[in-house]
J.: 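Sending over a structure as structure tokens; questions will come in a sec.
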Amino acid sequence: MSNGLTRFLGDTPGRTALKLLVASFVVGVIMAAFNWYPVDVYYWFRDFVVNLWETGFAALGRFGGYLVLGACVVIPLFIIMRLFSIRR
């Protein structure tokens with residue numbers, strides 16, 4: 001059972017928990033620096049959908065901007081996650 005859990009997590013449960021703790025702390029510091037809160041993500045998404053509906057889907061022209069903005073967050077997070085997963 002432990003072997004299956006380790007394989008699923010990619011590392012031992014203790015090390016995985018430590019990595020998640022460190023990543024959570026770093027993300028929390030960054031979000032606090034920008035005065036962002038998790039509920040803001042919900043409101044941003046909700047406002048986007050409402051705005052899209054109200055403008056008759058004219059907001060789709062902003063899709064590229066949203067894509068680039070999201071990539072500015074997702075790509076570095078992906079790189080950090082891959083760096084954490086490198087076997088030494």
Side-chain angles (χ1 to χ4, degrees):
M1 169 113 172
S2 179
N3 194 16
L5 181 62
T6 301
R7 188 177 31 207
F8 173 74
L9 294 175
D11 207 347
T12 62
R15 288 179 53 139
T16 301
L18 182 63
K19 289 176 187 179
L20 289 172
L21 184 71
V22 170
S24 296
F25 178 75
V26 170
V27 169
V29 167
I30 292 169
M31 289 180 71
F34 287 107
N35 200 25
W36 290 344
Y37 296 96
V39 73
D40 291 337
V41 174
Y42 166 74
Y43 288 129
W44 290 335
F45 179 74
R46 187 195 67 180
D47 291 343
F48 171 73
V49 171
V50 169
N51 200 14
L52 181 67
W53 185 264
E54 289 175 351
T55 59
F57 296 94
L60 286 178
R62 294 187 285 180
F63 178 78
Y66 287 129
L67 183 67
V68 171
L69 182 62
C72 289
V73 174
V74 171
I75 300 301
L77 285 176
F78 173 77
I79 292 171
I80 290 169
M81 287 172 45
R82 296 311 303 166
L83 288 175
F84 277 131
S85 70
I86 293 176
R87 304 281 181 191
R88 292 175 194 217

J.: Assigning hydrophobic clusters by single linkage (Ile, Leu, Val, Met, Phe, Trp, Tyr; side-chain heavy-atom cutoff under 4.5 Å), is Phe34 placed with Met31?
T.: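 Phe34 clusters together with Met31.
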J.: Test side-chain contact (heavy atoms from CB on, under 4.5 Å) on Leu21 and Phe25 and set out the steps.
T.: CA-CA 6 Å; Leu21 184 71; Phe25 178 75; 6.0 Å; no
J.: Mind checking the CZ-OG1 spacing from Phe84 to Thr16? Nearest 0.5 Å is all I need.
T.: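 That separation rounds to 11.5 Å.
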J.: Quick one: list whatever passes side-chain hydrogen bond (donor to acceptor under 3.5 Å, both in side chains) with Asp47, sequence neighbours left out.
T.: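 With sequence neighbours excluded, Asp47 shows a side-chain hydrogen bond (donor to acceptor under 3.5 Å, both in side chains) to no residue whatsoever.
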J.: Same cluster for Val74 and Leu77 if Ile/Leu/Val/Met/Phe/Trp/Tyr side chains link at under 4.5 Å?
T.: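 Val74 and Leu77: separate clusters.
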J.: Honestly curious: do Tyr37 and Tyr42 fall in one hydrophobic cluster under the side-chain, below-4.5 Å linking rule?
T.: yes
J.: So which heavy atom on Ala71 is nearest to which on Pro76, and how close?
T.: O-CD, 3.6 Å
J.: Please determine whether side-chain contact (heavy atoms from CB on, under 4.5 Å) holds for the pair Val41 and Phe45, giving the CA-CA distance in whole Å, both sets of side-chain angles, and the decisive distance to 0.1 Å.
T.: CA-CA 6 Å; Val41 174; Phe45 179 74; 5.6 Å; no
J.: Supply the atom-to-atom distance Arg15 CZ to Thr6 OG1, rounded to the nearest 0.5 angstrom.
T.: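 Reported value, rounded in 0.5 Å steps: 11.0 Å.
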